[in-house]
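Structure, as C-alpha cells:
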2 protein chains.
Amino acid sequence: MKRRTSQRTALENVFDNEDRPMGVNEILETAREFVGSLNQATVYRNLKVMVEKGILLQISDPVLGTLYERTGKAHHHHFHCRVCDRVFELPGCGLGKNKAVPKGYVTEGHEIFLFGVCPSCSG
Amino acid sequence: MKRRTSQRTALENVFDNEDRPMGVNEILETAREFVGSLNQATVYRNLKVMVEKGILLQISDPVLGTLYERTGKAHHHHFHCRVCDRVFELPGCGLGKNKAVPKGYVTEGHEIFLFGVCPSCSG
DNA sequence: GTCGTTGCAAAGCCTTTGCAGGGAA
DNA sequence: TTCCCTGCAAAGGCTTTGCAACGAC
C-alpha cells in the first residue's frame, strides 16, 4: 500500500460515507459508484491490506459472514437487524463485571452480537 | 430423518462424547471412528436436518466459522482459545441489565464470544 | 418392495492467487 | 523508467445438489 490509486480512494470513500460494518459485496457495489471498473479481487486485496495496516477491523456476523468497519472507535458492539439484515454499531458495552469466567480461563477480549429489529424497521 | 442409520447414530455419538461445539471437519473425523465410510455430504445433510429438528444449534465462531452444539443446555456463551483453537461453553451470562440498547432498537437475542486462553493451555 | 438415505462426483459460493498489462511516482 | 497495483481468469476451500445404488422398515 505505497501508491495512491483511484481504487483505494474509492474504498476509503465507502467507509467515510457509511458508518456501519459492511460486507465485501456491499463495499464493492458502493465503491463502483466511484470507480466503475473496480474488480472484486482488488477489493479483497485492499481490504486485507487495510486490516493489516490497522485501518479496518474485520468482524464476523453469524448470518452475513465477514464484515469490515473502521477502527479507532470507542468500544462498542453490534446489532444485527433481522428485517433489513444490516448491522449497526451500538455504543458502550453491556458486559457486566460478572463476566468472570470459570477458574483457569484467561480472557483477552470479547465480541457481542445482538439480534432484533432496528429503528428503521420497527418504527 | 425417518430412518435410523448407522451414520446418524455415529453423529449422535460424537455429540454425546464431546460436550463442546465442533466444526464439520472435527465431527466428520470423529464420526468416522464409528462408520469409516462416512461421507462429508452425509454429514452436511444430517447436521442440517438436526438443526431443523432442534437437536443441534448452529453457532458462528469468528475464526473457525460454523460450529454445532447440542441444544437444551442452560443459557451460556462461548470461549475461543487462541492456543488450541477449541471452543468451550461457559455457563451463565455476563450481559448486565444495562444491555439497554439505544432508543428504537428491539433486542430479541444475543451471542457472546470470549477470546483468550483455556485452562489446558494456560496451566 | 418402497422410498428415505448414502456415496460419489459435479456444481455453487466466496476468497485467493498467477500473470501480464497499466499507471503512480 | 521502475515496480506497485489492477483486472482477468483460474484455482482453492467449504457447502450444496443430482443421481444411481443401497438399505431400513
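The analysis underlying the following values was restricted to heavy atoms, covering all of them including side chains, and did not include hydrogens, waters or symmetry mates. Convention: sequence-line order gives letters A, B, ...; per-chain numbering from 1.
- Atom CG of B:Leu38 is separated from atom P of C:dT5 by 15 Å (rounded to the nearest Å).
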So B:Leu67 and B:Val87, side chain to side chain contact (heavy atoms under 4.5 Å, CB included) or not? Walk me through it.
CA-CA 9 Å; B:Leu67 303 178; B:Val87 174; 3.6 Å; yes

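- Between A:Glu12 and A:Met50 the shortest side-chain heavy-atom distance falls below 4.5 Å.
- We find that CZ of A:Phe34 is positioned 16 Å from P of D:dT6, with the value rounded to whole Å.
- Contacts of residues 41-60 of chain B with DNA chain D (heavy atom under 4.0 Å): B:Ala41, B:Tyr44, B:Arg45.
- The ring pair (Phe, Tyr, Trp, His ring centres under 6.0 Å) analysis of residues 11-46 of chain B, with sequence neighbours excluded, yields no pairs.
- Distance, A:Gln40 CD to C:dC14 C1': 8 Å, rounded to whole Å.
- Put simply, CG on A:Leu28 is 12 Å from P on D:dC8, counting in whole angstrom units.
- If you find the closest nucleotide of DNA chain D to B:Ser6 and to B:Val24, the one lying nearer the 5' end belongs to B:Val24.
- Side-chain contact check for B:His78 and A:Glu111: no donor-acceptor pair (N or O, by modelled atom type) lies under 3.5 Å.
- Going from atom CD1 of B:Ile27 over to atom C1' of D:dT15 covers 14 Å, rounded to whole Å.
- Contact between the side-chain N/O atoms of A:Thr66 and the OP1/OP2 oxygens of C:dC14 is not found at any separation under 4.0 Å.
- Here D:dC5 presents its C1' atom at 12 Å from NZ of A:Lys2, a figure rounded to the nearest Å.
- An OP1 or OP2 oxygen of C:dG7 is reached within less than 4.0 angstrom by a side-chain nitrogen or oxygen of B:Ser37.
- With respect to A:Asp16 and A:Arg70, a salt bridge is recorded, a charged nitrogen being found less than 4.0 Å from a carboxylate O.
- Look at CG on A:Asn39: it is 17 Å from P on C:dG21, rounded to the nearest Å.
- Put simply, CE on A:Met22 is 19 Å from C1' on C:dC14, counting in whole angstrom units.
- Between the side chain of A:Arg8 and the base of D:dC5, no donor-acceptor pair of N or O atoms lies under 3.5 Å.
- Both A:Ile112 and A:Leu90 belong to a single network of hydrophobic side chains, linked directly or stepwise wherever heavy atoms of I, L, V, M, F, W or Y lie under 4.5 Å apart.
- A pairwise comparison of heavy atoms in A:Met22 and A:Ile27 identifies O-CD1, 3.6 Å as the closest pair.
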